[in-house]
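This report concerns only the one structure given below.
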Amino acid sequence: MRGRALAAAGRVGSGGPGRWRGDFAMRASRLHLPTLRDPPKDGDTVSHQLLVRGGYIRRVAAGIYSFLPLGVRVVERVKAIVREEMNRAGALEVFLPAVVPAELWQESGRWEKYGPELLRLKDRKNAEFCLGPTHEEVVVDLARKDVRSYRQLPLNFYQIQTKFRDEMRPRAGLMRGREFVMKDAYSFDATVAGAHASYRTMYDAYVRTFERMGLAFRPVEADTGAIGGSMSHEFQVLADSGEDALVACGACTYAANVEKCPSPAPARASLPGDAGPSAIVATPGAKTIDMVCAALGCTPRQMIKAVLYEADGQPVAAFVRGDREANEVKVKAHLGAGLVALADAAWFAKATGLPPGYVGPVAADGSGALGGNGGLGHGGGVRCVADAEVMALTTAVCGANEKQAHRQGVVPVRDCSGLTVADIRMAVPGDPCPQCGAALRGFRGIEVGHVFYLGQKYSQAMNATFVAEDGTEKPFEMGCYGIGVTRIVSAAIEQNHDERGICWPVGLAPYPVVVLPLAIDGPQAATAEAIEAALEARGIDVVRDDRDERPGVKFNDADLVGYPLHIVCGRKAQDGVVEVKIRRTGERFETPVAGLVDRVAAALAAARAGGPLHAAALQ
RNA sequence: CGGGGCGUAGCGCAGCCUGGUAGCGCACCAGACUGGGGGUCUGGGGGUCGCAGGUUCAAAUCCUGUCGCCCCGACCA
């Protein structure tokens, strides 16, 4: 097919990687482009609705989608850019199995640890397998089989694969599906310094990758999570609809996930000489911070909020100021616990004898300081941790550890002693930048990439070693690096759409140009065909909307599908003049057909690096 | 996994409360007109009413169970 079309056009194809050329799909009537006028019922995320309405994807099951021809093209655009940048960075493409034998996961210990997100299967012999949600095990196995010496290092293997994670709740279309396409890379180095260099190389490659895609993004410092390790950055596409809360400094380059961003420790309040003892007051029915404030005439800032956790099966009470949010990641890090989750209220009550909703850092008998061993609950068995801000309060209101009651006039530095103090709150916009002190600004983001320094976690567990320069056997120093290919498709739309439809960045558009003949015969159609052929000959992917539809239908479909550049062949086509519209800006102007293809080629080439299409270059 | 909601034509929905010939808009097919932002008219085709039981002379409608899906939350290398 390809060869035939190229021959017919009498030229040699020169499409870059990831491009198809020369098939017959560029006529809209042959493109299978089932656009929908009404938004689908399945989900209300903008990008998902536009992908379905624009004829890119169809839902098959929860979190599982089919890609239509146009959808495939966008995915391939993403893959092509990712491949080029990975290859440029010296990574080597491999292709690992989607179905992975259980033994490998048992070896790393994750068969037990990973939980129900890991979709497990059995074959006909009853042997166990899983659908790979990530591929550390497989790639470590690959490396340990063939890499014996430091002389073979460093190595970086990557693949573009369909992953499966049996998410508890798939949502938002491609953004958080169960089946999704991901690029994952794994670096192997002989030394920590080498691993850091590999990390840096990947980081830089990611910056280039997302720039070329025309996305507004920010690399942010991220939590290293269960995996441990010391270095991790997320690449976040900035979008109000994003799931992740970020803070970034306006003055320097610092940016972080709010979970990761350290908060400053304010000075402890000094003990006021004239403070009276705290007292318990009845606050019937006051379940929320706001209700307590209304009842007692205080502000959330003056309150101490208890957040109850279950950490490795043990009850933990975390105290933060009433206007703050507890940061589970920091709590977990502080406790050094393996599993931390918000506690079930009934479980907590049963385990501690304390009334959830009325828990405070001062023992129920009101005698003042807590006992040595944490103090709270029967037997004093509840571990307590307070945010540093709590100890900076001069007086405060907190739960009384009695039902329907709070304690007023609490002086934390005096009354709270059986607890540890740490930074456990969520960072918020306005906090000082940990690097330069300027005020942080808040953003929301969609995580499209993640780079991670792993160290020896997997190589050690799986006994993947090489012989080092000094003759000793050492585990590989590793890093892993993911890019959510299909998620990018969604994220790009979240960031690039308007009320009419998608506004693809040139680098990601399924076709950068659409030609719209407003009549299906006569000079308008002839001009459109000529422009299509000329663009095609220049290696530019183009759709010609040859359908016998009214102009309004074609305009609306073109806007919905989101071709970056529209060439309209209307009445003036017979005089050699067409109209060009830039989808994103809505700019429109008439321009002579003569030389148009050159101008289009130049404008697209300029925009392909990630920049905008400029009207001036097209006129 | 907790809370809420929805399953009726390809898509979006009404009908259900109060049981009695399964409907509307868009899309689709044929024809005519029309032709710069989802146009008009005429005539058509298309439905196991999610599934399984039950009640009833009769069930889309009432009852029980079950499956699927969406939203909020919890969770997320």
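In what follows, chains are A, B, ... by sequence order, proteins preceding strands, each numbered from 1. Below, each value reflects all heavy atoms present in this structure, side chains not excepted, and no hydrogens, waters or symmetry copies.
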Partner set under side-chain hydrogen bond (donor to acceptor under 3.5 Å, both in side chains) for [X], not counting sequence neighbours:
| X | value |
| --- | --- |
| A:E103 | none |
| A:W504 | A:Y56 |
| A:E532 | A:R544 |
| A:K572 | A:E590 |

Between [N] ([atom2]) and [X] ([atom1]): distance, integer Å:
| X | N | atom1 | atom2 | value |
| --- | --- | --- | --- | --- |
| A:D44 | B:G12 | CG | P | 14 Å |
| A:M168 | B:C72 | CE | C1' | 15 Å |
| A:Q49 | B:C11 | CD | P | 15 Å |
| A:E117 | B:C1 | CD | P | 14 Å |

Between the base of B:C69 and the side chain of A:R59, is there a donor and acceptor pair under 3.5 angstrom? no
Contact string for nucleotides 33-39 of chain B, one letter per nucleotide 5' to 3', B = base within protein heavy-atom range under 4.0 Å, S = sugar-phosphate only, - = neither, reads -BBBBBB
Would you indicate which nucleotide in B:G25, B:C75, B:C71 comes nearest to any side-chain atom of A:D38?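 Minimum distance to the A:D38 side chain belongs to B:G25.
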Result for 5'-nearest mapping on RNA chain B, choosing between A:P40 and A:H450, is A:P40
For A:E328, which contact category applies under a 4.0 Å heavy-atom criterion: base, sugar-phosphate, or nothing?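 Answer is sugar-phosphate: A:E328 comes under 4.0 Å of backbone atoms only.
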Report which part of the nucleic acid A:P34 touches: base, sugar-phosphate, or nothing (heavy-atom distance under 4.0 Å, all strands). nothing
Which donor-acceptor pairs under 3.5 Å do the side chains of residues 513-523 of chain A make with protein atoms, sequence neighbours left out?
none

Only one of A:F129, A:Y458, A:W111, A:Y114 forms a ring-ring contact (aromatic ring centres under 6.0 Å, His included) with A:W105, so which one is it?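 It is A:Y114; the other options fail the test.
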